[in-house]
> 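Let me begin by handing over the structure; questions about it come next.
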Amino acid sequence: MTRALAIQAGIGIASGAAGLALLARRAVTAEGRYALRIAGTMLVALSLFLTGFALVASMVGGA
């Protein structure tokens with residue numbers, strides 16, 4: 001795995017952890033819950049895309 005793919009996978013893992021932390025967090029108002037759900041879901045989706053692409057590129061032998 002090249003350095004770029006390792007960085008991509010690392011950022012993906014970090015964004016996944018941050019997204020799961022936001023999804024597990026409790027908000028006081030309904031608007032806060034909605035905002036936390038959107039932000040957490042977006043970070044988890046970013047994690048899936050980045051780590052997925054890094055995994056596939058490393059399996060194919062990308063530079």
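Side-chain atoms are counted along with the backbone in the values below, which use heavy atoms only and exclude waters and symmetry mates. Values in this document were obtained by computation on a predicted structure and should not be read as measured data.
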> In Å and rounded to the nearest 0.5 Å, what is the CG to OG1 distance from Leu36 to Thr41?
10.0 Å
> Side-chain contact, heavy-atom cut-off 4.5 Å: Thr29 with Arg33?
no
> If I compare all heavy atoms of Ala27 with all of Gly32, which pair ends up nearest, and what's the gap?
CB-C, 3.5 Å
> Could you measure the distance from the CG atom of Leu48 to the OG atom of Ser15? Nearest 0.5 Å is fine.
8.5 Å
> With a 4.5 Å heavy-atom cut-off, do Val56 and Val60 have their side chains touching?
yes
> Looking at every heavy atom in both Gly19 and Leu43, which two are closest together, and how far apart are they?
CA-CB, 3.6 Å
> Backbone N or O of Ser47 within a donor-acceptor pair of the Thr51 side chain at under 3.5 Å?
yes
> For the hydrophobic clusters of this structure (ILVMFWY residues joined by side-chain heavy atoms under 4.5 Å, transitively), does one cluster hold both Met42 and Leu20?
no
> Look up atom CD1 in Ile7 and atom CG in Leu50, then write down how far apart they are to the nearest 0.5 Å.
12.0 Å
